[in-house]
Amino acid sequence: MASPALISESEQWKDLKQHVSEIQTTHLRDLMNDVDRCQSMMVEHEGIFLDYSRQRVTKETMGKLFKLAEAAHLKEKIEKMYGGEKINSTENRSVLHVALRAAREKEIYSDGKNVVPEVWQVLDKIKDFSEKVRSGAWIGATGKPLKDVVSVGIGGSFLGPLFVHAALQTDAVAAEYAKGRQLRFLANVDPVDVARSIKDLDPETTLVVVVSKTFTTAETMLNARTLREWISSSLGAGAVAKHMVAVSTNLPLVKDFGIDPANAFAFWDWVGGRYSVCSAVGVLPLSLQYGFSVVEKFLEGARSIDNHFYSAPFESNIPVLVGLLSVWNVTFLGYPARAILPYSQALEKFAPHIQQLSMESNGKGVSIDGTPLPFEAGEIDFGEPGTNGQHSFYQLIHQGRVIPCDFIGAVRSQQPIYLKGEVVSNHDELMSNFFAQPDALAYGKNPDELLRDKVPDHLIPHKTFTGNRPSLSILLPSLSAYDVGQLLAIYEHRIAVQGFVWGINSFDQWGVELGKSLATQVRKQLHASRVEEKPVQGFNFSTTTLLSRFLEVRTPYDGTVLPKNVI
Ligand code: F6P
């Protein structure tokens, strides 16, 4: 029998819909008493421990979710992705970020061609180039070694590398390799970000890496031109060849920009921007900062999850499990958001990366063949490291809206501290919260307990915690480059699992286009008004009023003004 056009028409979907009412009669306080259930909801892979017993599911729910995965042809879709089929059908592209971290001898095909040799060609080039820069064999225009790097890029050409950089900064091994070097990022087209990114940097000792898949992104290209001006106004136009390199799929435009194609690091249209941190997008700036050997470990970590995701049975497959649970939470239980809560400051940029990865991938309103979805897909991702988040938005999570939470922690700290005489080490203090919060959410505190605690009657409603709030816990062995690679790949695949089950295209992003094209009209208007004193026209009343007000302050375009490093 042919598959239904929409997964929501399948019997398995309808069965889960009906099952919701059964789950609504349960409370996590009771579900957590069933040790056999809890044990079945703990999974381990290479020391990564997933505990999803605090999800609002029973073993029966899980069985039904696995059947839904079967109905959605999840296994086949994963195989098609790894097999290089053009599953990004609206852009007619393969989706092969797994090839970016494949072993050298592996064969992965797109358009009948094994892409792994090209991947390794670029990796070898990065290794060679980064070693030259780091050793001082590659010098700047005035003969000085380049110790600082500014990576210019936005979205997927920024958030993944930033997350990994933040995670490695305090890893003892990586930090040792990074001594005396700085890696900065310039993403926002706001000139304030230019000023911040080059504050106290010397063009003589700085290398600029322009990272853009398309090499047409307006923000990145203006920022790249701005930093080109920063270099050439100080060192002469000839210095650009020594101080600027590029990462792109569009090598002709790199050349047009004035960067020597020999100093361009390629990637391919089968790498989505938000899935590109394992390409030169992340590997080049991170290798310049930490050395290729550290970044290779990160790639190996991601590879270990790629293999696990491809081959582990769904019942013990971490990305599949967490993906199915998100589908359950969003679409069946109706929880629209997901909180990413790493109990690790090193993972401070993880939630911002997942925001793009998840929301750009799964924030879709139609199925892969264009049919409007009769159900909600995608979720609102947000988060902060614990314990900071506890003192910020956890009030809402405990007593306001129900938001499924991902608690992420590590057994070992990157920077352990124990003060003599303290009850626990600093990491144990942090982790006390990692272990306590999920139970507080699941169990809550009821009025009887409050009465027993002698809480005055008028405060009982305010101090009641309804509990029954789902979460999952991921405990990593540590936060080495390898572990960080694993964590990244778990989330990349989780998001793909969700999209595969919802039957959407998780690999295109047409939703970002409309705003970009309207900004082009505004840009033309601003130019015409500032330079030719043309009146504002062609916009609605609101935009005309706002633009006219903005244009009242005259900021003449009379020459290059670079930030004065006043901050
Ligand atoms: O925001 C849209 C987007 O296309 C993202 O998908 C992408 O990561 C980002 O812009 C940057 O694109 P590029 O790398 O081509 O400059």
Side-chain angles (χ1 to χ4, degrees), residues 87-97 100 122 150-165 185-190 193-194 197 208-228 244-257 259 264-286 349-364 378 380-381 488 491-492 495-496 499 504-520 523:
I87 60 169
N88 175 358
S89 49
T90 62
E91 295 182 313
N92 194 30
R93 289 175 181 168
S94 312
V95 176
L96 279 180
H97 43 280
L100 299 171
V122 175
V150 182
S151 181
V152 182
I154 198 164
S157 295
F158 159 58
L159 291 161
L162 176 71
F163 140 60
V164 180
H165 173 48
F185 292 88
L186 170 54
N188 200 339
V189 74
D190 185 342
D193 209 16
V194 175
S197 68
V208 174
V209 183
V210 184
V211 184
S212 175
K213 179 174 171 180
T214 54
F215 232 68
T216 58
T217 301
E219 296 94 321
T220 299
M221 296 327 296
L222 180 55
N223 278 334
R225 291 192 293 275
T226 307
L227 291 205
R228 184 176 61 188
M244 288 188 94
V245 298
V247 175
S248 187
T249 59
N250 196 338
L251 300 182
L253 284 190
V254 170
K255 186 165 181 246
D256 292 351
F257 181 87
I259 291 175
F265 298 82
F267 65 115
W268 307 271
D269 73 357
W270 42 260
V271 184
R274 54 194 174 273
Y275 295 89
S276 67
V277 57
C278 294
S279 73
V281 165
V283 176
L284 178 62
L286 293 165
K349 297 295 180 191
F350 187 54
H353 176 52
I354 298 307
Q355 281 177 355
Q356 186 202 9
L357 196 60
S358 163
M359 296 203 261
E360 201 165 86
S361 295
N362 289 338
K364 307 287 162 67
I380 303 154
D381 287 275
L488 170 86
Y491 275 76
E492 284 181 345
I495 286 156
I504 60 179
N505 183 353
S506 299
F507 307 105
D508 62 9
Q509 57 285 315
W510 298 106
V512 302
E513 295 303 325
L514 181 58
K516 281 188 199 171
S517 64
L518 293 188
T520 301
R523 187 183 302 120

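Hydrogens, waters and symmetry mates play no part in the numbers below; they use all other heavy atoms, side chains included. Ligands are counted one by one from 1 in listed order, and the atoms in each one are counted from 1 as well.
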Quick one: ligand 1 N/O to protein N/O pairs below 3.5 Å?
| residue | atom | partner | partner atom | Å |
| --- | --- | --- | --- | --- |
| ligand 1 | 1 (O) | E360 | OE2 | 3.4 |
| ligand 1 | 6 (O) | E360 | OE1 | 2.6 |
| ligand 1 | 8 (O) | G156 | N | 2.7 |
| ligand 1 | 8 (O) | Q356 | NE2 | 3.3 |
| ligand 1 | 12 (O) | T217 | OG1 | 3.4 |
| ligand 1 | 14 (O) | S157 | OG | 2.7 |
| ligand 1 | 14 (O) | K213 | N | 2.7 |
| ligand 1 | 15 (O) | S212 | OG | 3.4 |
| ligand 1 | 15 (O) | K213 | N | 3.3 |
| ligand 1 | 15 (O) | T214 | N | 2.9 |
| ligand 1 | 15 (O) | T214 | OG1 | 2.6 |
| ligand 1 | 15 (O) | T217 | OG1 | 3.3 |
| ligand 1 | 16 (O) | S212 | OG | 2.6 |
| ligand 1 | 16 (O) | T217 | OG1 | 2.5 |

Contacts of F507 meeting side-chain contact (heavy atoms from CB on, under 4.5 Å) (sequence neighbours excluded), chain-then-number -> M81, I87, N88, V95, H97, Y275, A496, F500, N505
Write down the atom of S248, the atom of S212, and the distance for their closest heavy-atom approach.
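Looking at all heavy atoms of both residues, the shortest contact is OG-O, 2.8 Å.
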Test of understanding: with side-chain hydrogen bond (donor to acceptor under 3.5 Å, both in side chains), list the residues that count as partners of T217, not counting sequence neighbours.
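T217: side-chain hydrogen bond (donor to acceptor under 3.5 Å, both in side chains) contacts with T214.
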Anything under 3.5 Å between a donor and an acceptor, one on a side chain of residues 277-286, the other on a protein residue two or more places apart or in another chain? List them.
| residue | atom | partner | partner atom | Å |
| --- | --- | --- | --- | --- |
| S279 | OG | S276 | O | 2.6 |
| S279 | OG | V281 | N | 3.1 |

For the pair Y491 and F350, name the ring-plane relationship: parallel under 30°, tilted 30 to 60°, perpendicular over 60°.
perpendicular
Working to the nearest 0.5 Å, report the span between CZ of F158 and CD of E219.
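One finds 12.0 Å between CZ of F158 and CD of E219.
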